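Presented below is the structure to which this report refers.
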Amino acid sequence: MMNMLSINIFQNWLEQTHGIWYVLVLAGIAAIYLGFFAVAGLMLVYLERRVAGYFQLRLGPNRVGPWGLLQTIADALKLVSKEIFIPKMADKLLYKAGYYIVIIAALLALAVIPFARQIQALDFNVGLFFISAVSSVGVLGILIGAWGSRNKYSLIGAMRSGLQMISYELSAGFAIIAVVLMAGTLKMTGIVEAQKHTWFLFQGHLPAIIAFMIFLISGTAETNRVPFDLVEGESELGAGFHTEYSGMGFAFFFLAEFINMFIISALGATLFLGGWLAPFGITDGLPAQWLWGMIWFLLKVFVLIFLLMWFRWTFPRIRIDQLLTLEWKYLLPVGLVNTVIMAWIVWKDWLIHLG
Amino acid sequence: MTYLGKILYGIKTLWTGMKVTGGYFFPNITRKKYVITRQYPDEPAVVFPRFKGEVVMWHNENNEHRCTGCQACEIACPNGSIEIIWKREVDPETGKKKKMIDQHIYHLSMCTMCSLCIQACPTNAIMWSTNFHNATYDRGLLTKVLNKPGSKLMAGVEE
Amino acid sequence: MEPNTQILSTEDLRSQEYFLNMGPQHPATHGVLRLLLTMDGEIVKNIEPDLGYIHRGIEKMVEYDTYRQIIHVTDRLDYLSSHINNEAVALAIEKALEVEVSDRIKVIRTMMDELTRIASHLLWWGVMGMDIGALTTFMYAFRDREMINEIMEKTTGARLTMSYNIPGGVMFDLHPDFVKDVKAFIPHMRKVLPEYDRLLTGNIIFQRRMKGVGYLSAEDAVSHGASGPVARGSGVRCDIRKKAPYSAYDRVKFDEIIETGGDNLARYQVRMREMYESLNILEQLVDNIPEGPYQMPMRTLIKLPKGEFYQRVETARGEFGVFIVSDGKKNPYRVKFRSPGLSNLNALIQAGRGVKLADLVAIMSTFDFVIPDIDR
Amino acid sequence: MTAEELKNYLQTWDDSLEFIEEIPEDVALFAALEDVPSEWLNVEVPLSHFKGIMRHLKADEKTSFDYLFNMTGMDWGQELGVIYHLESTRHGHILVVRVRTADRENPEIPTVEDIWKTAHLHEREIFDLLGIRFTGHSNLKRIFLTPDFQGHPLRKDYEDDYMILRK
């Protein structure tokens with residue numbers, strides 16, 4: 001009853017301030033957004049499997065639909081039809097809350113990613129801060145999901161996840177700060193616009209390249225991918241934190257992982273590779289600028305995603321203490337020094353401006 | 001090694017590994033140059049003539065086989081996969097009673113493909129077939145009778 | 001309430017120890033090995049193996065088999081060195097009957113041994129990469145292993161459990177393509193082995209995961225009965241091919257690979273370098289396979305004289321021994337298979353104490369267990 | 001050392017070891033088994049002095065058998081026993097030692113786990129399959145079969161209802 005009431009109040013407030021149509025349009029946009037990312041996540045899974053296939057001298061999925069494009073849809077259907085299994089000794093509330101938190105955190109971060117000029121759900125002045133805040137919520141879902149499922153392997157995985165997330169947020173933050181120093185704003189569109197003439201990767205030359213590498217490494221770590229997939233570590237922990245999940249619970253975790261990969265790549269493309277801007281402005285005069293923007297943006301994102309996949313299918317997994325050594329002894333000091341150098345460069349205006 | 005040297009060395013080794021996988025990946029996108037997948041039902045499986053698929057009994061065009069029913073294969077078999085049911089029948093030519101096989105039963109489900117029965121056979125009646133499509137839904141179907149119905153012993157084998 | 005003035009030591013901060021069941025269904029145990037781990041956080045305090053999930057009672061079973069029938073059972077012990085296991089039984093029977101086999105048989109057996117060893121090490125390399133997270137190694141190793149499998153299939157008719165040896169020879173003669181295929185295989189292998197090194201061995205993450213992990217001293221290795229690459233990685237000379245040469249190993253030149261590191265990297269390097277040595281052996285033999293019979297005349301029903309016969313061979317995993325006690329009948333009185341796996345497992349308990357869980361997985365993969373070999 | 005030299009050397013032990021006086025006159029310390037055709041020296045040691053002899057076989061500089069490469073539990077019909085295959089990694093010679101006990105109900109043999117650590121699992125295996133108790137073993141439990149399993153399958157008098165009868 002209380003819930004109903006509070007929802008009503010919220011609804012009334014929305015209707016009074018903005019009108020019913022505004023609410024409906026918002027809801028429609030949200031639905032399109034979610035649908036788009038569900039499909040995009042599935043396509044990313046397909047892409048991953050294809051790329052893995054070619055790396056491993058295989059073909060990858062090629063039977064369902066043209067070029068096997070429908071393979072992951074078929075897999076998703078299979079997962080939906082599976083029995084939802086809750087372990088007898090599990091803490092049911094936490095067990096179920098786990099995957100919702102993970103998927104919601106992943107989807108929330110999508111809100112501030114600019115796909116093209118004007119194509120962005122939310123553009124507010126602390127967009128970058130929002131992303132780094134929201135993306136660290138996901139680990140909470142992993143932790144309580146693993147705790148709730150009462151499995152020692154899950155718990156080991158979740159503990160590793162917490163450790164990893166706390167550590168690597170720092171160096172990712174320093175890499176982002178290097179960009180913020182150049183852009184002078186936390187607003188996502190502002191950052192892209194600041195790269196009008198030169199991408200930050202080239203504008204900030206050496207420190208920006210170092211920041212980009214740190215960002216890629218800590219981004220890989222935050223998405224729990226090889227070489228930092230200790231959280232799942234299938235040869236050590238079975239499946240890590242989602243050992244006990246089946247059906248859609250597992251699918252949510254899986255989808256969240258891929259959406260997180262998309263977010264990290266999108267963030268990298270926005271911060272370092274000029275977001276939706278065309279290289280050298282080659283498509284600037286053409287009509288349908290929003291479409292070109294999206295094409296360039298997605299292209300850059302896919303290059304980064306491919307890089308992450310290349311890492312994944314080449315490297316062995318790192319050990320937990322080496323993970324911390326890498327962060328605290330290498331990435332963090334380098335990131336700190338790099339930030340100082342970057343500040344110096346910005347202060348002296350030694351940035352490279354082409355055009 | 002210095003601090004920076006370590007970092008550079010690490011990046012170098014990682015890049016060396018990435019070059020190997022990348023060297024396979026990029027030719028694979030366009031030409032599928034190194035792809036080793038054999039897409040089985042579309043492309044036929046490569047089976048070599050000596051492949052040990054299942055034991056079969058050779059029959060000629062007159063539905064005659066070479067098995068005399070001596071049970072050497074049954075004794076040689078370590079798993080009891082072969083059972084021979086034999087009967088005494090009157091030989092139409094000589095008119096004498098004679099030991100002949102009724103059914104040469106072969107349990108494929110128990111066979112370990114050790115070739116001992118084929119080594120043991122004095123008349124080369126049984127041999128390997130390269131057939132490997134042996135999956136069934138019913139385990140009973142894996143028990144086979146090797147001699148075809150109505151078949152008889154080839155003349156001149158017993159000498 | 002009194003404030004707690006006692007100074008806490010790091011021992012007081014230790015968390016509670018707990019048990020972790022590793023296996024029988026665990027991706028890193030490669031089969032149904034079950035290890036009961038006593039853990040402190042991520043650190044393995046104690047390992048207790050719980051075996052028998054694939055115990056088939058082979059030693060009892062073969063007491064009811066004739067000597068010819070024993071051989072195909074040994075395929076199912078260490079299925080990755082099935083040919084070498086077969087050979088051990090065949091050699092033991094030949095030793096008991098004092099049969100001298102022809103040179104051709106010896107050379108065929110030796111070449112098959114070495115092909116089996118390379119195949120086994122290739123599979124180990126691929127799976128080892130997977131164990132520490134590099135999934136691509138598996139496919140690369142299997143691509144090359146496939147060539148060996150096809151050579152095997154052409155000659156013996158099977159890819160894994162070949163049952164190719166019989167007392168007094170081999171089942172079939174070599175396939176006409178054998179020499180050609182082996183000659184094509186050797187240069188291919190010499191080309192891809194450096195590639196493996198580039199992909200995995202030199203990788204800094206791999207080096208960090210391997211170096212200094214899972215140390216096993218030479219004394220411990222001997223005392224625990226470790227053999228094969230595990231002991232040689234600790235600097236113990238234990239290659240049966242050198243110590244007690246069988247088949248054609250006394251006529252080929254090869255080095256016994258010794259690494260003195262005693263850690264994961266040493267064991268890894270032993271296997272990688274052994275593949276080169278196996279290629280050397282193959283190269284020496286492939287051009288001069290002598291003519292001669294491929295089976296010696298033997299009685300159909302073999303009866304061994306009364307006595308005890310022991311034959312040691314070097315499989316890909318270590319020393320494999322067949323101990324036949326005969327009372328003169330057609331069935332053996334008692335057969336004991338000395339498997340390398342069980343003794344190496346003993347050494348794992350030593351080497352895996354006090355490491356992290358992820359390291360235990362890496363150590364297990366450098367020990368290269370085949371579970372049916374441990375359980376028998 | 002060759003098998004012959006080893007045999008001669010072991011016979012000199014008869015009067016050099018301190019535990020020797022406990023042996024009755026009619027029991028030989030090493031009964032070399034001539035009837036077993038083998039390339040290695042086969043000896044049998046009395047159960048009463050087994051542990052001391054085994055310890056000495058490893059400790060003695062001349063023999064220094066440090067590698068126990070095989071342990072076989074045996075059921076000789078009347079007696080149970082164990083055959084040890086010992087090798088010296090230093091000298092390269094091999095000795096086959098056997099010990100037997102006539103007690104079928106409660107057979108006990110001292111453990112050699114503290115001399116060669118490899119015996120830990122091998123002794124558990126022999127206990128499991130033949131029922132020989134190794135006194136002093138640190139963790140003597142069944143290893144392959146379930147804890148509630150009845151009987152010891154490798155014994156010759158073991159009968160199993162499910163065993164397939166052969167023709």
Side-chain angles (χ1 to χ4, degrees), chain C residues 48-57 59-61 63-65 95-96 98 218-227 231 236-238 240 243-244 305-310 312 318-319 321-323 325 327 331 333-340 342-347 349-350 374-376, chain D residues 33 35-40 42 58 64-77 82-83 85 87-90 92 94 96 98 113-122 124-126 128-130 139 141-147 149 152-156 158 160 163-166:
Chain C
E48 200 198 327
D50 180 12
L51 306 173
Y53 286 88
I54 193 166
H55 184 70
R56 294 146 296 178
E59 285 172 12
K60 183 78 177 177
M61 207 155 87
E63 286 177 14
Y64 295 85
D65 279 348
K95 188 192 262 179
E98 289 165 1
E219 291 81 48
D220 275 340
V222 172
S223 178
H224 279 100
S227 55
V236 182
R237 292 195 174 272
C238 62
I240 308 295
K243 253 185 346 196
K306 204 161 177 259
E308 295 173 4
F309 310 99
Y310 193 95
R312 326 163 75 178
E319 178 184 342
V322 180
F323 185 48
V325 181
D327 55 354
N331 303 330
Y333 184 75
R334 168 91 165 90
V335 175
K336 161 85 184 179
F337 296 113
R338 188 267 187 217
S339 67
L342 191 69
S343 300
N344 286 357
L345 183 65
N346 230 322
I349 300 173
Q350 171 81 18
I374 297 174
D375 274 7
R376 301 191 300 286
Chain D
L33 299 168
D35 58 328
V36 180
S38 167
E39 69 257 58
W40 304 320
N42 280 262
K58 186 181 181 185
S64 110
F65 288 107
D66 51 355
Y67 180 35
L68 174 64
F69 65 90
N70 191 15
M71 255 180 96
T72 313
M74 285 295 297
D75 180 3
W76 281 288
V82 182
I83 301 178
H85 286 75
E87 186 184 352
S88 163
T89 49
R90 186 130 52 94
I94 288 171
V96 185
R98 70 188 60 203
E113 189 198 8
D114 45 347
I115 309 173
W116 297 281
K117 288 175 190 157
T118 181
H120 178 73
L121 288 181
H122 284 279
R124 279 179 69 181
E125 182 194 340
I126 292 168
D128 194 356
L129 300 178
L130 279 146
N139 185 15
K141 288 192 300 193
R142 283 192 182 272
I143 183 170
F144 291 140
L145 306 174
T146 49
F149 192 86
H152 301 284
L154 266 185
R155 287 197 184 184
K156 290 290 172 189
Y158 176 78
D160 186 358
M163 207 180 71
I164 300 166
L165 285 174
R166 305 182 149 266

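Since the model is a prediction, treat every value here as computed from it, not as a measurement. Note on naming: letters A, B, ... go to the chains in the order of the sequence lines (proteins, then strands), and numbering restarts at 1 for each one.
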* Should H85(D) and R338(C) be marked as a side chain to side chain contact (heavy atoms under 4.5 Å, CB included) after you check the CA-CA gap, both sets of side-chain angles, and the distance that decides it? -> CA-CA 11 Å; H85(D) 286 75; R338(C) 188 267 187 217; over 6 Å; no
Please flag which part of [X] lies under 4.5 Å from any non-hydrogen atom of chain D: side chain, backbone, both or neither.
X       : value
A226(C) : backbone
E319(C) : side chain
Y53(C)  : neither
P49(C)  : both
R237(C) : neither
E219(C) : neither

Out of curiosity, [X] [atom1] to [Y] [atom2], how far, rounded to the nearest 0.5 Å?
X       : Y       : atom1 : atom2 : result
T118(D) : D220(C) : OG1   : CG    : 12.0 Å
L51(C)  : R142(D) : CG    : CZ    : 14.0 Å
S223(C) : K58(D)  : OG    : NZ    : 4.5 Å
I374(C) : E125(D) : CD1   : CD    : 11.5 Å
D50(C)  : K141(D) : CG    : NZ    : 7.5 Å

* May I ask you to decide if the ring planes of H55(C) and F144(D) are parallel, tilted or perpendicular, using 30° and 60° as cut-offs? => parallel
* Evaluate the side chain to side chain contact (heavy atoms under 4.5 Å, CB included) criterion for residues K243(C) and I94(D): first the C-alpha distance (whole Å), next the side-chain angles of each, then the deciding distance (0.1 Å), finally the verdict. => CA-CA 12 Å; K243(C) 253 185 346 196; I94(D) 288 171; over 6 Å; no
* Asked: Quick one: of F69(D), W116(D), W76(D), who has the most non-hydrogen atom pairs under 4.5 Å with chain C?
  -> F69(D)
* Sort out for me which of K156(D), H122(D), H120(D) touches chain C most, counting heavy-atom pairs under 4.5 Å. =>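 Counting heavy-atom pairs under 4.5 Å, the top option is K156(D).
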* Do E308(C) and M74(D) come within less than 4.5 Å of each other through their side chains, counting heavy atoms only? -> no
* Asked: Would you call I349(C) and K117(D) a side-chain contact if the rule is heavy atoms closer than 4.5 Å?
  -> no
* Taking all heavy atoms of Y310(C) and all of N70(D), pick out the closest pair and write down the distance. => CE1-ND2, 3.0 Å
* Sequence neighbours excluded, which residues qualify as side-chain hydrogen bond (donor to acceptor under 3.5 Å, both in side chains) partners of K95(C)? ->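 With sequence neighbours excluded, K95(C) shows a side-chain hydrogen bond (donor to acceptor under 3.5 Å, both in side chains) to Q311(C), E39(D), given in chain and number order.
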* Asked: D327(C): what forms a side-chain hydrogen bond (donor to acceptor under 3.5 Å, both in side chains) with it, not counting sequence neighbours?
  ->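 Once residues adjacent in sequence are excluded, the partners of D327(C) under the side-chain hydrogen bond (donor to acceptor under 3.5 Å, both in side chains) criterion are K329(C).
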Interface moiety of [X] toward chain C, non-hydrogen atoms closer than 4.5 Å:
X       : answer
N139(D) : side chain
L121(D) : both
L129(D) : side chain

Indicate yes or no for a side-chain donor-acceptor contact from [X] to the backbone of [Y] under 3.5 Å, with no hydrogens or angles considered.
X       : Y       : answer
R334(C) : G73(D)  : yes
K60(C)  : R155(D) : yes
Y67(D)  : A221(C) : no
K336(C) : M71(D)  : yes

